Structure formats: structure tokens, C-alpha cells
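Just so we're on the same page: letters track the sequence lines, and every chain starts at 1. Predicted, not measured: the structure shown is a model, and the values here were computed from it. Just so you know, these numbers use all the heavy atoms, side chains as well, and skip hydrogens, waters and symmetry mates.
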Protein chains: 2
Amino acid sequence: MSTRDAKLERAREEFVAQWGAMGSQWGINRTMAQIHALLMTAVEPMNTDEVMEELQISRGNAHSNLKELVAWGLLRVVVKKGERRDFFEAEKDVWQIFTIVTRERKKREIDPALSVLQRCAEETRDLESSEAVAFHAQMRQLEEFVGFASKVADRVGSMKHGFAVQMAAKLFI
Amino acid sequence: MSTRDAKLERAREEFVAQWGAMGSQWGINRTMAQIHALLMTAVEPMNTDEVMEELQISRGNAHSNLKELVAWGLLRVVVKKGERRDFFEAEKDVWQIFTIVTRERKKREIDPALSVLQRCAEETRDLESSEAVAFHAQMRQLEEFVGFASKVADRVGSMKHGFAVQMAAKLFI
DNA sequence: TCATATTTTCAGTATTGAATGAAAATTCAA
DNA sequence: TTGAATTTTCATTCAATACTGAAAATATGA
């Protein structure tokens, strides 16, 4: 049994480490991604000290990233009876995770872009030089596209899993 | 006329600065995003010195980011007759930009994730403890989802603009 | 070929964002 | 209340990444 447990342990450690490394790529910080990976593959909810111990990180770091993950909705706080400390458990449903991440990324990546583009388009709407007209047209095109992306993100983010799968199947497979 | 040119100039500077700031959010470095913004709104192709001058950046920085943008396919090198220096012009078509960015992001964000998940699933395929089974199932679910995302990215990235718009219209508007 | 223009490299420096850890604040049971 | 357990904050430190600028390499044309 110990060989097999070791195998699992290794695989899990690899997952946590790699998922963390990929976090950076995704605009999510490494620790945050690691904690999420750790809890996604945890059998039981974990408390702050367990997370610190497992990932070898400081209390402050564990605390702030746990907080952030709860704020995103990727973790839930669980109260254990007879326990004073907070325990955390991860959202494990893949579609849920996806919609949450979609919402967050839209907020951070799409919405600000859209408002910049709207502003720049607005500010040059009445100019008449050919350069200004070209600039304005470029802003409008970008605005239209990003606006569309924003709508797509909203729709996808609020779809039920089943519907998404069904729709996707028609389109892409 | 000078008032109006000033307006345009201000709007363009705002666009370049903000697009640059958003680059970070997007996992693209600030200078790279700024150069792209600058050239997307340039009437004529620009050379390295002009970019350096406009953005107040060093030659090395300008050089490496111009190179990177060319590698992505977001800029093209233009040879001007009677000019020894390279000039750069941006891809301005929004759909082209989108497909290029989609391809890059897939390469950096989706493909590595998929291979981690496949490996972790594979490594735990034969284990029998309930924890291992749960872990394996979780990896498989993630793998399935990310694999699907990978397909979607491929399809979208190779669609023609017209088709994408048509399809999107049906789905989302 | 040689001199000059241009591009490329890269060691050193700066900037930014994340992590630490200890102190302060809060919570809770007795 | 009180004091121990727990959470939260935040000034400082650290690490990763981006940027600089000058030197080396390369290309051009006289």
C-alpha cells in the first residue's frame, strides 16, 4: 500500500506545483493557484495551518490567498463543530470553476479595455483630419469587437453546464 | 487645427498608455502592448528609433519587443526603398489580431495545462485506494474540460471573420 | 576593402508584485 | 472580564521580470 500511496502523493504534488506555475501564466498568482489545486484534490477541508504546512508558506501569504479564493468563489469556508478555526473546501465542479474564472477575467481583462476604447473613440468622434478619422475608426472597430467579447463572456458565464455542452457539441465536434 | 490635432494626440497617447497598462493584465509585457498600440494607430510604418523616441524607451527594449511582436505576427517588417533601416507596421484587422492572440494564449495557457493533467491522470490510473480514485477522477474531469477548451481555441482561431460573426450572431445576440 | 549605419546581445540595474513574519486586532470559552 | 486561540494587517524583504545602455556583431554601399 505504501508504494501506491507514494505514487498518489507524487502525482498530487506534481499537480499542485505545476498548477501553481501555470497560475502565473494565467494572471493568477502562484500561491493562489497552488492552494486551489491543493484543495481541489483534498479529501477533507483544510485549515490555514495545514495549508501553510503543506505548501511551506507563511501565514500571511496563506491567509491572503485563502481570502482571495473565497472572494472569487473558488473556496468555501466550512465550520467544523467543536473547531474554532476556519476550514476551507474547494469548488470541484469543473464547469463552476470555469464560469467563476470567466467572470473574473472578464472583469479584469475585458471591461477595462472596453472603457478605454469607448473613451478614446468618444474623444475623437468630431475630429475631421484624415488621421483622426482613421484613429476613430480603429477605436470603433476594437470597441465593437471587445464589446462582443464582453457579451460572449456574460452569456457563457451564466450558462448551465448541460446547455453549454450541448451547444458546444453542435458547434465544435 | 492645432487644437484638434492636440485632441487626437491626447487620445492616442491615452490609448497607448492604457493599452500598455492592460498588457500586464493580459500576460503581455507593458512595452510590447504599448508598441503594438502605437503602431496600430500609426499612419505610416515606424522604425526602431521612432518607436524609442515616441515611447521614451531604450534601444534594447524597443528591439526585443519589436522582435517579439513580429514573431507573434502582430507586426510586419516593411522595407522602404532607399532606406536601410527596418520599418514596422501593425496588423490592424481586429479579427486577425484576435486569432493571433488566441493561438498564442492557447499555446501558453491551455496546452501546458492539458499535458500536466494528462500526466497526472495517467500516473494514477491503476491505483485503487478511494483517495487515488477520487484524485484520478478529478484529473480526468479537468483534462476533459481543458481538452475541449483546446479544441474550441483551435476552431475559433482558424475561422474566417465572416463565419465567426455569423455564428456568433446566431448564438449570442 | 573599409567606413559607417544598423541590428543584436547581454551584463548590470531597476521595477514590480509577491511573500514573510511579527505585531495588532478580534473572537470566544470559561 | 480575561486570556488564549485565531485572524488580520502591514512594513520589510525577496524574487522575478523588464529595462538600460554600451559593446559586439552584422550589413551595406562607396
Side-chain angles (χ1 to χ4, degrees), chain A residues 16-39 45-72 75-89 104 108-109 112, chain B residues 16-38 45-72 75-89 104 108-109:
Chain A
V16 170
Q18 295 287 93
W19 206 249
M22 294 212 352
S24 348
Q25 223 62 2
W26 279 69
I28 288 164
N29 86 44
R30 206 185 71 230
T31 306
M32 195 168 149
Q34 281 184 347
I35 294 177
H36 184 236
L38 183 71
L39 282 162
M46 295 173 74
N47 63 40
T48 304
D49 289 80
E50 288 165 348
V51 170
M52 287 166 61
E53 168 63 21
E54 195 76 48
L55 300 178
Q56 295 291 308
I57 58 176
S58 71
R59 183 172 303 285
N61 193 12
H63 173 77
S64 61
N65 285 293
L66 284 165
K67 264 303 169 74
E68 187 73 2
L69 283 162
V70 170
W72 278 44
L75 298 185
R76 279 178 293 274
V77 177
V78 175
V79 189
K80 279 197 181 183
K81 58 187 171 190
E83 271 285 3
R84 205 155 137 183
R85 290 169 295 181
D86 283 348
F87 284 72
F88 301 89
E89 78 178 359
E104 282 303 321
R108 297 194 297 159
E109 299 181 0
Chain B
V16 170
Q18 295 288 94
W19 206 248
M22 294 212 354
S24 347
Q25 222 61 3
W26 278 69
I28 288 164
N29 85 45
R30 206 186 70 229
T31 305
M32 194 169 149
Q34 281 184 347
I35 294 178
H36 184 237
L38 183 70
M46 295 172 74
N47 62 41
T48 305
D49 290 79
E50 287 166 349
V51 170
M52 288 166 62
E53 168 64 21
E54 195 76 48
L55 300 179
Q56 295 291 307
I57 59 176
S58 72
R59 183 171 303 284
N61 193 12
H63 174 77
S64 61
N65 284 293
L66 284 165
K67 263 305 169 74
E68 187 73 2
L69 283 162
V70 170
W72 279 45
L75 297 185
R76 278 179 295 275
V77 177
V78 175
V79 190
K80 278 197 182 181
K81 58 188 170 188
E83 270 284 3
R84 211 153 132 180
R85 289 169 295 181
D86 283 348
F87 283 72
F88 301 88
E89 79 177 358
E104 283 301 323
R108 297 195 295 160
E109 300 181 1

Note to self: What does the B/S/- profile of nucleotides 2-18 of chain C look like, 5' to 3', with a 4.0 Å heavy-atom cutoff to protein?
What the structure shows: --BBSBBB--------S

Margin query: Tell me the interatomic distance from A/Leu66, atom CG, to D/dT9, atom P, rounded to whole angstroms.
Written below: 14 Å

Check: Can you name the residues that form a side-chain hydrogen bond (donor to acceptor under 3.5 Å, both in side chains) with A/Glu89, not counting sequence neighbours?
Finding: A/Arg76

Note to self: Applying salt bridge (Lys or Arg N to Asp or Glu O under 4.0 Å) as the test, list every pair that has at least one member in residues 49-62 of chain A; sequence neighbours left out.
What the structure shows: A/Asp49-A/Arg59

Notebook entry, point to check: Which distance, rounded to the nearest 0.5 Å, do you find between the CG of A/Leu75 and the NZ of A/Lys67?
Noted result: 12.0 Å

Next item on the list: Mind calculating the distance between CG (B/Leu55) and C1' (D/dA18) to the nearest angstrom?
Entry: 15 Å

Notebook entry, point to check: Between CG of B/Asn61 and OG1 of B/Thr31, what distance do you get to the nearest 0.5 Å?
Noted result: 4.0 Å

Margin query: Just the rounded figure in Å: distance from P of D/dC19 to CG of B/Asn65.
Written below: 6 Å

Next item on the list: Run through A/Val78, A/Leu38, A/Leu39 and flag the one making a side chain to side chain contact (heavy atoms under 4.5 Å, CB included) with A/Phe88.
Entry: A/Leu39

Margin query: What is the distance, to the nearest angstrom, from the CD atom on B/Gln56 to the C1' atom on D/dT20?
Written below: 13 Å

Check: If you look at every strand shown and take non-hydrogen atoms under 4.0 Å, does B/Asn47 touch a base, only sugar-phosphate, or nothing?
Finding: nothing

Next item on the list: Working to the nearest 0.5 Å, report the span between CE of B/Met32 and CG of B/Leu69.
Entry: 4.5 Å

